[in-house]
Amino acid sequence: MLLALFEAGSSLIDNAVEKVGDNLTSMVLVTTAFILSMGYLSKAVFKQFQPHDKELKYPPYIPSSIPFLGHAIAFGKSPIEFLENAYEKYGPVFSFTMVGKTFTYLLGSDAATLIFNSKNEELNAEDVYSRLTTPVFGKGVAYDVPNPIFLEQKKMLKTGLNISQFKQHIPMIEEETKDYLKRWGDSGEKNLFEALSELIILTASRCLHGKEIRDMLDEKVAQLYADLDGGFSHAAWLLPGWLPLPSFRRRDRAHLEIKNIFYKVIQKRRQTEEKEDDILQTLIDATYKDGRPLNDDEIAGMLIGLLLAGQHTSSTTSAWLGFFLAKDKPLQDSCYAEQKAVCGEELSPLKYDQIKDLTLLDRCLKETLRLRPPIMTMMRMARTPQKVAGYTIPPGHQVCVSPTVNHRLQDTWLQRLDFNPDRYLHENPAAGEKFAYIPFGAGRHRCIGENFAYVQIKTIWSTMLRLYEFDLVKGYFPTVNYTTMIHTPNNPIIRYKRRVH
Ligand code: HEM
């Protein structure tokens with residue numbers, strides 16, 4: 001009976017969470033109500049945020065009159081504005097509380113050095129990310145293993161993401177994109193973010209998983225990926241993992257079903273004599289430093305990780321790039337002219353060297369990643385006291401760096417809010433600051449997918465620009481949806497019209 005009541009309660013929470021569409025503010029309220037009702041609120045939570053040691057200077061603490069929730073609502077509504085105001089008032093290092101957790105932000109290149117140069121045992125990634133990633137990727141990979149092992153796994157993946165692979169990927173991405181766009185017709189209006197999310201998953205599956213797995217990607221499998229991806233939610237981050245929420249159950253079921261699909265493909269591959277030249281084969285042949293090969297479970301987990309690490313990041317970035325080009329028609333025309341200049345008037349099928357030579361498109365993508373970096377905050381748990389800018393951050397604080405804020409600091413970037421891809425051609429104050437531009441992170445946790453993401457996004461957009469012209473609908477440039485974990489465009493509808501060659 002008690003269990004039934006409990007299940008009903010948690011299902012209500014889950015439904016509420018789903019209804020608010022991952023809205024952080026509502027999520028926070030629902031969570032708080034739950035936690036309060038469970039009697040979890042304890043004075044001890046607050047105690048840990050007060051300086052215990054009078055000798056030490058702790059970072060300035062932004063007070064809040066709302067117990068427990070702290071600044072969650074203001075931050076949830078407009079995180080960048082909140083951080084920029086705090087930077088003005090308190091300087092590059094400051095702390096505040098949200099939902100019972102203390103966050104210390106390190107803003108600007110100098111302060112960010114602490115995170116990027118730190119040891120994982122001191123500023124730890126698993127402590128903050130594992131509860132989200134382990135149920136999705138599975139055990140034995142990424143943040144479920146000690147960082148030296150994950151570093152070995154990253155090295156194996158990086159071996160598979162090489163230029164000879166990219167050369168094979170480009171025609172596959174072009175073909176997938178052309179096939180996909182057949183349904184668009186000559187002109188119309190479409191939800192660009194939705195379309196690019198579909199295109200990113202199709203192209204990533206084809207390039208990163210191999211042909212066998214891509215061929216199985218029908219609606220049912222797409223739904224499994226969506227359920228699995230539902231694991232990356234505020235609910236999963238804030239609520240205890242043992243709660244029997246429907247979305248947690250869907251995630252866990254999808255995880256098992258996808259792994260079963262992957263196991264079959266891996267086993268078949270292991271049995272065939274002839275070796276394929278792709279990333280799956282690289283993983284099958286890879287060994288750890290001690291000579292141990294990856295087992296099927298690790299390979300399947302790494303395949304899930306490869307797909308999902310690039311899914312939201314690359315689809316959001318591609319969508320924002322599209323809107324920046326639609327807003328600035330002369331720039332879009334220059335990008336189209338660049339296609340002809342680099343690939344010839346006939347616009348022959350894309351090749352790796354041409355993709356490299358599309359330098360204007362490259363700079364547009366770079367500038368998109370400056371103004372709309374998909375990962376707004378990188379986080380670590382302080383396991384030991386950390387010294388920065390004359391302050392000591394105590395253990396237990398979640399230490400954060402924000403690419404979004406670093407990418408638009410007043411002193412670092414000229415005309416900081418303008419979309420100007422040519423800024424990288426000129427004298428640029430940011431160039432002298434090591435961590436002024438960090439869309440892919442830095443240090444031991446740096447992204448391994450950057451080169452693939454550039455190839456994938458540039459190939460998709462080259463194909464789209466060759467086929468269509470893009471316009472904003474009634475001049476509307478999307479506002480930023482801050483309620484999702486990755487900042488997506490609000491109402492991302494774009495108008496397109498086939499080019500006449
Ligand atoms: C536009 C696309 C992408 C962006 C902006 C991006 C951004 C990032 C960032 C900021 C980090 C550092 C996280 C941290 O320090 O906490 C990261 C790490 C990582 N990314 Fe990406 N990523 C992108 C695409 C990809 C793709 C396509 C893959 C795989 C093919 C990938 C795989 C990884 C992996 C394995 C890590 C390592 C995490 C760690 O060591 O802790 N990413 N990415």
Side-chain angles (χ1 to χ4, degrees), residues 173-174 176-178 180-200 202-203 312-343 347 350 355 358-374 404 407-408 415-424 439 453-454 456-482 484 486-501:
I173 299 171
E174 190 175 3
E176 290 276 359
T177 310
K178 279 185 173 162
Y180 181 89
L181 292 175
K182 277 182 190 151
R183 68 188 83 162
W184 273 28
D186 284 342
S187 62
E189 288 176 9
K190 288 275 182 231
N191 182 320
L192 185 66
F193 177 57
E194 253 175 46
L196 284 163
S197 300
E198 286 174 32
L199 258 173
I200 293 288
L202 291 169
T203 51
H312 294 287
T313 44
S314 297
S315 51
T316 318
T317 305
S318 322
W320 280 116
L321 171 59
F323 283 108
F324 282 120
L325 293 180
K327 187 178 175 197
D328 186 341
K329 280 306 281 275
L331 180 63
Q332 191 185 143
D333 292 344
S334 303
C335 285
Y336 180 58
E338 183 184 53
Q339 292 288 329
K340 290 190 164 180
V342 171
C343 309
L347 292 172
L350 289 154
I355 288 287
L358 294 166
T359 50
L360 175 58
L361 186 59
D362 209 274
R363 291 197 306 279
C364 289
L365 178 50
K366 186 169 182 184
E367 185 68 340
T368 303
L369 284 162
R370 181 179 76 85
L371 285 175
R372 298 287 185 278
T404 318
H407 291 182
R408 55 174 73 186
Q415 282 94 41
R416 63 191 193 116
L417 298 180
D418 291 357
F419 185 85
N420 174 13
D422 286 349
R423 67 172 69 245
Y424 306 103
Y454 261 78
Q456 184 185 29
I457 297 171
K458 284 176 78 180
T459 308
I460 289 177
W461 265 108
S462 294
T463 314
M464 292 183 52
L465 280 172
R466 287 166 170 213
L467 287 169
Y468 296 111
E469 251 178 79
F470 294 88
D471 277 294
L472 299 179
V473 178
K474 295 192 189 127
Y476 168 76
F477 184 81
T479 50
V480 181
N481 178 4
Y482 288 121
T484 42
I486 285 186
H487 295 166
T488 51
N490 271 323
N491 190 24
I493 309 296
I494 204 153
R495 183 169 292 158
Y496 60 94
K497 193 170 86 199
R498 191 177 291 282
R499 285 186 195 276
V500 213
H501 294 293

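The first residue of the sequence shown is numbered 1, and numbering continues consecutively from there.
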**Message:** Under a 3.5 Å threshold, yes or no: a donor from one side chain and an acceptor from the other, between Thr203 and Glu176?
**Reply:** no
**Prompt:** When rounded to the nearest 0.5 angstrom, what distance separates CD1 in Ile355 from CG in Leu361?
**Reply:** 7.5 Å
**Prompt:** With sequence neighbours excluded, what pairs up with Tyr454 under the ring-ring contact (aromatic ring centres under 6.0 Å, His included) test?
**Reply:** none
Validation: residues 192-200 side-chain donor-acceptor distances under 3.5 Å, sequence neighbours left out:
residue, atom, partner, partner atom, Å
Glu194, OE2, Asn191, ND2, 3.4
Ser197, OG, Phe193, O, 2.8
Glu198, OE1, Tyr180, OH, 3.0

**Message:** What I want to check is whether the side chains of Tyr496 and Glu189 have a donor and an acceptor closer together than 3.5 Å.
**Reply:** no
**Asked** Taking Arg363 for the side chain and Asn420 for the main chain, is one N or O donor matched with an acceptor at less than 3.5 Å?
**Response** no
**Message:** Can you tell whether the side chains of Lys178 and Glu174 come within less than 4.0 Å, N to carboxylate O?
**Reply:** yes
**Message:** Whether the side chain of Arg498 engages the backbone of Gly185 through a donor-acceptor N/O pair (distance < 3.5 Å, no angle test) should be reported.
**Reply:** yes
**Item:** Whether Tyr468 and Trp184 hold their rings parallel, tilted or perpendicular, with breakpoints at 30° and 60°
**Value:** tilted
**Message:** Are the side chains of His487 and Asn481 in contact, using a 4.5 Å heavy-atom criterion?
**Reply:** no
**Prompt:** Shortest non-hydrogen contact from Val473 to Ile494?
**Reply:** CG2-C, 4.0 Å
**Complete:** Residue pairs passing the side chain to side chain donor-acceptor pair (under 3.5 Å) test with at least one member in residues 314-332, sequence neighbours excluded, are Lys329-Glu469, Lys329-Asp471
**Asked** With sequence neighbours left out, what residues match Arg372 under side-chain hydrogen bond (donor to acceptor under 3.5 Å, both in side chains)?
**Response** none
**Message:** Does the plane of the ring in Phe324 sit parallel, tilted or perpendicular to the ring in Phe419? Use 30° and 60° as the thresholds.
**Reply:** parallel
**Message:** Does Arg499 qualify as a cation-pi partner of Tyr336, given the criterion of NZ or CZ under 6.0 Å from the six-membered ring centre and within 45 degrees of its axis?
**Reply:** yes
**Prompt:** Under 4.5 Å between any side-chain heavy atoms of His312 and Thr488, yes or no?
**Reply:** no
**Request:** Check ring-ring contact (aromatic ring centres under 6.0 Å, His included) between His407 and all other residues, then give those that pass, not counting sequence neighbours.
**Result:** Tyr437
**Request:** Identify the two heavy atoms, one from Tyr424 and one from Glu367, that lie closest to each other, and give their separation to 0.1 Å.
**Result:** OH-OE1, 2.6 Å
**Message:** For Lys497, is there an ion pair with Asp186 - N to carboxylate O distance below 4.0 angstrom?
**Reply:** no
**Message:** What's the separation between atom CG in Leu465 and atom CG in Leu347, rounded to the nearest 0.5 Å?
**Reply:** 10.5 Å
**Qualifying residues under ring-ring contact (aromatic ring centres under 6.0 Å, His included), relative to Phe323, sequence neighbours excluded** = none
**Asked** Does Arg370 use its side chain to pair, donor to acceptor, with the backbone of Arg416 at less than 3.5 Å?
**Response** yes
**Item:** 4.5 Å side-chain heavy-atom contact, Leu331 and Leu325
**Value:** yes
**Request:** Please examine the side chains of Pro489 and Val480, heavy atoms only from C-beta on, and report whether any two atoms are closer than 4.5 Å.
**Result:** no
**Prompt:** Going through the distances and angles, do Thr359 and Glu338 end up as a side chain to side chain contact (heavy atoms under 4.5 Å, CB included)?
**Reply:** CA-CA 8 Å; Thr359 50; Glu338 183 184 53; 3.6 Å; yes
**Item:** Cys364 versus Cys335, closest heavy-atom pair with distance
**Value:** SG-SG, 4.0 Å
**Asked** Within a strict 4.5 Å, meaning less than it, do heavy atoms of the Thr177 and Ser462 side chains meet?
**Response** no
**Fill in**
CH2 of Trp461 to CG of Leu365, rounded to nearest 0.5 Å, is 11.5 Å
**Message:** Strictly distance-based, threshold 3.5 Å: is any side-chain N or O of Arg495 a donor or acceptor partner for the main-chain N or O of Gly188?
**Reply:** no
**Contact summary for Arg466 and Leu350, nearest pair of heavy atoms** = NH2-CD2, 3.4 Å
